[in-house]
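Hydrogens, waters and symmetry mates play no part in the numbers below; they use all other heavy atoms, side chains included.
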Amino acid sequence: MTFKDALPGNEKMVLFLDFDGVLHPEPCYEKDRLFCCLPRLENSLIDFPFVDIVFSSTWRETLTLPELRALFSPSFAGRIIGVTPSWEDHQDLLENIGYQRQAEIEAWLRVSGEPWRPWVAIDDKPYLFKPFLPNLIGYALKVIRPHRGNFEKSRQLMC
């Protein structure tokens, strides 16, 4: 499933966004490569102003929401409406759902007051979600290692 395929008409929806492996390779050994794919995501979402963003990335555990927003362009930052809670604070959901990231998303939806709101998640770790979940847009940015001295060509293939 592609991102465009997952989006309904112009219905208001939520995108739950992971960072590592989605917005930059994981692991990311070069600091200047962090968020190297962020411009691609922001450009992809320009045509979908009805999509709000919630961070499901573990980066939410060490940075505040304003600090996370600052990583994005000012025009995009206004669409960022929150972060998912930790699954540890919602053991009941984890026991019922069985998958950490999905339990965190379900917890956010319940607290939001709009648990019926359509959503998709972009994440490179499908094992954190129920198998074959239609809301998951599986995505993985693989680290491309230099091959036979062609490091520049390898870098160009990333993002």
With clusters defined by side-chain heavy atoms of hydrophobic residues (ILVMFWY) lying less than 4.5 Å apart, directly or transitively, does [Y] cluster with [X]?
X	Y	result
Tyr127	Leu133	yes
Phe132	Phe129	no
Val111	Ile81	no

[X] side, atom [atom1]; [Y] side, atom [atom2] - distance, nearest 0.5 Å:
X	Y	atom1	atom2	value
Lys125	Leu136	NZ	CG	12.0 Å
Trp108	Thr84	CH2	OG1	10.0 Å
Gln102	Ser56	CD	OG	11.5 Å
Ile46	Ser75	CD1	OG	7.0 Å
Cys28	Glu26	SG	CD	9.5 Å
Asp18	Thr58	CG	OG1	7.0 Å

For [Y], is there any backbone N or O sitting under 3.5 Å from a side-chain donor or acceptor partner on [X]?
X	Y	answer
His24	Leu34	no
Glu42	Phe76	no
Arg79	Val51	yes

Compare every heavy atom of [Y] with every heavy atom of [X], then report the nearest pair and how far apart it is.
X	Y	value
Val22	Asp124	CG2-N, 3.8 Å
Glu106	Ile97	CG-CD1, 3.3 Å
Tyr99	Pro131	OH-CD, 3.3 Å
Leu38	Leu71	CD2-O, 3.2 Å

Checklist line | Within-4.5 Å side-chain heavy-atom neighbours: Asp123 and Ile137 | finding: no
Check: side-chain contact (heavy atoms from CB on, under 4.5 Å) between Leu15 and Leu45: does it pass, once the steps are laid out?
Finding: CA-CA 10 Å; Leu15 166 64; Leu45 289 173; 4.0 Å; yes
Checklist line | Results of side chain to side chain donor-acceptor pair (under 3.5 Å) for Trp59 - residues two or more places apart only | finding: Asp20
Item checked: Pair Thr64-Glu67, side-chain donor/acceptor within less than 3.5 Å -> yes
Item checked: Parallel, tilted or perpendicular: rings of Phe72 and Phe19 (30°, 60°) -> tilted
Notebook entry, point to check: Would Ile122 and Phe16 count as a side-chain contact (heavy atoms from CB on, under 4.5 Å) if you check the C-alpha gap in whole Å, the side-chain angles of each, and the deciding distance to 0.1 Å?
Noted result: CA-CA 6 Å; Ile122 300 178; Phe16 291 93; over 6 Å; no
Check: Can you list the steps and then say if Val54 with Ile80 is a side-chain contact (heavy atoms from CB on, under 4.5 Å)?
Finding: CA-CA 6 Å; Val54 174; Ile80 299 165; over 6 Å; no
Note to self: Could you walk me through whether Arg60 and Glu104 satisfy the salt bridge (Lys or Arg N to Asp or Glu O under 4.0 Å) test, starting with their C-alpha distance in whole Å, then the side-chain angles of each, then the deciding distance to 0.1 Å, before giving a yes or no?
What the structure shows: CA-CA 12 Å; Arg60 75 192 191 288; Glu104 293 169 343; 2.8 Å; yes
Item checked: Stepwise side-chain contact (heavy atoms from CB on, under 4.5 Å) test for Arg117 and Asp52 -> CA-CA 11 Å; Arg117 196 166 175 191; Asp52 291 328; 2.4 Å; yes
